[in-house]
2 protein chains.
Amino acid sequence: MAIDKKSTITIKDIAGELGISASTVSRALANSPLVKPETREAVQALAKKYNFQPNYTALSLRSNQTKTIGVIIPQIVHNFFSLVIRGIEDYSYSQGYSVIVSSSQEIYEREVMDSRTLLAGRVDGLLACISKETGNYDHLNEFVDRNIPLVLFDRAPEKVNATKVVIDDFQAAYLATSHLIEKECRKISYIGGPENLNIYKRRFEGFKAALKDQNVAFHPEIVVHCESEDFDECVDATAKVTGSTFDGLFATTDIMAIAAIKNIKKKGWKIPEDVAVIGFSNWPISSIYEPSVSTIDQPGYEMGRRSAQLLIEQIKDKENISIKKDILPVELIERESSKRA
Amino acid sequence: MAIDKKSTITIKDIAGELGISASTVSRALANSPLVKPETREAVQALAKKYNFQPNYTALSLRSNQTKTIGVIIPQIVHNFFSLVIRGIEDYSYSQGYSVIVSSSQEIYEREVMDSRTLLAGRVDGLLACISKETGNYDHLNEFVDRNIPLVLFDRAPEKVNATKVVIDDFQAAYLATSHLIEKECRKISYIGGPENLNIYKRRFEGFKAALKDQNVAFHPEIVVHCESEDFDECVDATAKVTGSTFDGLFATTDIMAIAAIKNIKKKGWKIPEDVAVIGFSNWPISSIYEPSVSTIDQPGYEMGRRSAQLLIEQIKDKENISIKKDILPVELIERESSKRA
DNA sequence: TATTCTAATGAAAACGTTTGCAAGTCTTTT
DNA sequence: AAAAGACTTGCAAACGTTTTCATTAGAATA
């Protein structure tokens, strides 16, 4: 292979060929009124001929901004999060920003390391969703302290004073639970995610509040908090619950809902006749599975878009960063698993 | 908010405070033997105290490399591709490279635009998987012509002379089909993806070759090529096939396999007793669905890792780029949908 | 004591841009 | 015809590094 010297041409090359200075070329390219129309046209024609692309790195160095935003996400192989990323990308690219994604794999140390790496001059701002393990927020507060734009989404700890984009988990769980009560359920099982994550804590609270407000008894023996997202482990964890009887079940994840359904089927109980079930997140599988699973649709794409928008606003006006909290609406989707008169 | 002047410190700041020159600081930080041990220690101590991080952009400008690789992928909300991305990220980060991902959303124009954007000085090399629409490869050949490292994965057109990481689609389909024949299937339906994509063309060829080699008749009336990946559309498309009878079905996607299963169930045919089914890709849903679906496991994570590895090798030795073709092994996973004596 | 060698440091250039300032050439005005 | 103004352009600095080359001071040699 040949060595690719001069495969990429610079402003100086154009200047040289035209016998003018680099400054004039720069101005001509920027359509500055300071340059004579003929000069401008000559420059632009040559730039086009050579397919000139300004060197991004040089631009960054001069302007002290990378036009890149960083994203830290717990998992990438995950329907909800990949939707979020798509939203982030769509908006960012439309604004001329690139996106660097790094996934912590739900490991606290990786999250800390990644945030430091990104902070080291690679990005103009950060979008983050904390891992399940994360209990210490120093690495995030460092952004706040140094006045570097930061937006937290979905799993957003109260303790960090940054802009947040979330759903109202309490309200969403309240909605799901009320849906079951409306379907005549009077003894409802709860299958939740790890309670140390705020979102699951709040969903549990929403569940209990809905019961209380509507005078339905709470039964601790049919409550399970499941740590894992692995399907088989969910099946094992939810098996505990089918030791008792119940007529409704709310799971904070569609995967858990389906795991529970598997156990319910095994018992010979009919869905939705004997037990009505509702999940959470509206994963693709919930509409394909049989029975199709009622769920709470979580607007992942919108969450990504909105987070990116708020972040880029902050980047563009760093002097006046104001902390916001955006709560996105959720929607209940009724499917076979809870459809009954 | 306060203005963050000097929130980030440079080599010059350290030099100033120590009353030495920037060059010495640079050398001290690099542990050069040219600097006096005391000087080196003083510099390093101060760097540590201020948590000095070298400016990435300046480094890039000087060294003419961004330590970033670009990835163009058709979709990000897709189990296989997100696995690939994870593989790419894991390897790249381990080598000190960042990753910029952009998804074409299966749109040719976006793919072209994204490749141009990334080419414009943002990345040291590109990893790409073409969209379903892509039939013209000029944008990729531009990389080859300009000697910029490029690795194609999964959907890799023959016409581009670049390193490729793929699975042997012919062989994989041959394997799946032979599995059905082994299970006593003698009239096998084929549900494929769009034929203009090489991978589907080759899977179809593998399917037909397996039939021929084992003297099983090919029945064109139970063949469907389905354009969409949307589940409901797949259900509609595969319905055509259940107009005839058959005792085996091979689908080139798990989603299509499940769509077909839905139609088969509707007919009242038993799986696997009346019809044995096998899919392709080993999506999570295929193990959760009832019946669980036999499939060909496609090593997405490995494909990502390997692609990144080959790309980074090329980046590190641009003078001697050699074109390789890596074919990753697939594995047949037998589940309920084809399990019979 | 004069010369050479070695060790440590600094000055400056370079990477590719943008932009404030100075300077040049024409026109216009008085 | 001289001064002022309007247009164009170029020079140089700056962004934060690394690295080549030159320089200094001191030590070793003759």
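Each chain gets a letter, A, B and so on, in the order the sequences are listed, and its residues count up from 1. Computed from a prediction, not measured in an experiment: that's the story for all the values here. As a basis for the values below, the full set of heavy atoms in this structure was taken, side chains included, without hydrogen atoms, waters or symmetry mates.
Not a single donor-acceptor pair under 3.5 Å links the side chain of B:S92 to the backbone N or O of B:E89. Without hydrogens or angle criteria, A:Q44 side chain to A:A28 main chain gives a donor-acceptor distance under 3.5 Å. Side-chain atoms of A:N141 never come within 3.5 Å of backbone atoms of A:V144 as a donor-acceptor pair (strictly under, hydrogens ignored).
Judged by distance alone, the side chains of A:Y56 and B:R122 do bring a donor and an acceptor atom under 3.5 Å apart.
In this structure, A:N31 places its CG atom 15 Å from C1' of C:dT18, rounding to the nearest Å. When the P atom of C:dG16 is taken as reference, atom CZ of B:R122 falls 18 Å away, rounded to whole Å. Between B:R40 atom CZ and C:dT9 atom P the separation is 11 Å, expressed in whole Å. The interatomic distance linking B:E41 (CD) with C:dA8 (C1') rounds to 15 Å, in whole Å.
Between B:I20 and B:V43, the closest side-chain pair of non-hydrogen atoms falls below 4.5 Å.
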Please tabulate the protein-to-nucleotide N/O contacts below 3.5 Å involving nucleotides 17-27 of chain D, giving atom names and distances.
from, atom 1, to, atom 2, distance (Å)
D:dT17, OP1, B:N55, N, 3.2
D:dT17, OP2, B:I11, N, 2.8
D:dT17, O2, B:R62, NE, 3.4
D:dT18, OP2, B:S26, OG, 2.5
D:dT18, O4', B:R62, NH1, 3.4
D:dT18, O2, B:R62, NE, 3.0
D:dT18, O2, B:R62, NH1, 3.3
D:dT18, O2, B:R62, NH2, 2.6
D:dT20, O4, B:R27, NH1, 3.3

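Using a 4.0 Å heavy-atom cutoff across all strands shown, A:S63 reaches no nucleic acid atom at all.
Within the 4.0 Å cut-off from OP1 or OP2 of C:dT9, at least one side-chain nitrogen or oxygen of B:T39 is found.
B:K159 NZ: 12 or fewer foreign heavy atoms inside a 6.0 Å radius.
DNA chain C is contacted by both A:A30 and B:K36; B:K36 maps to the nucleotide lying nearer its 5′ end (nearest heavy atom per residue). Checking B:I20 against B:L61, the closest nucleotide of DNA chain C that is more toward the 5' end is the one next to B:I20.
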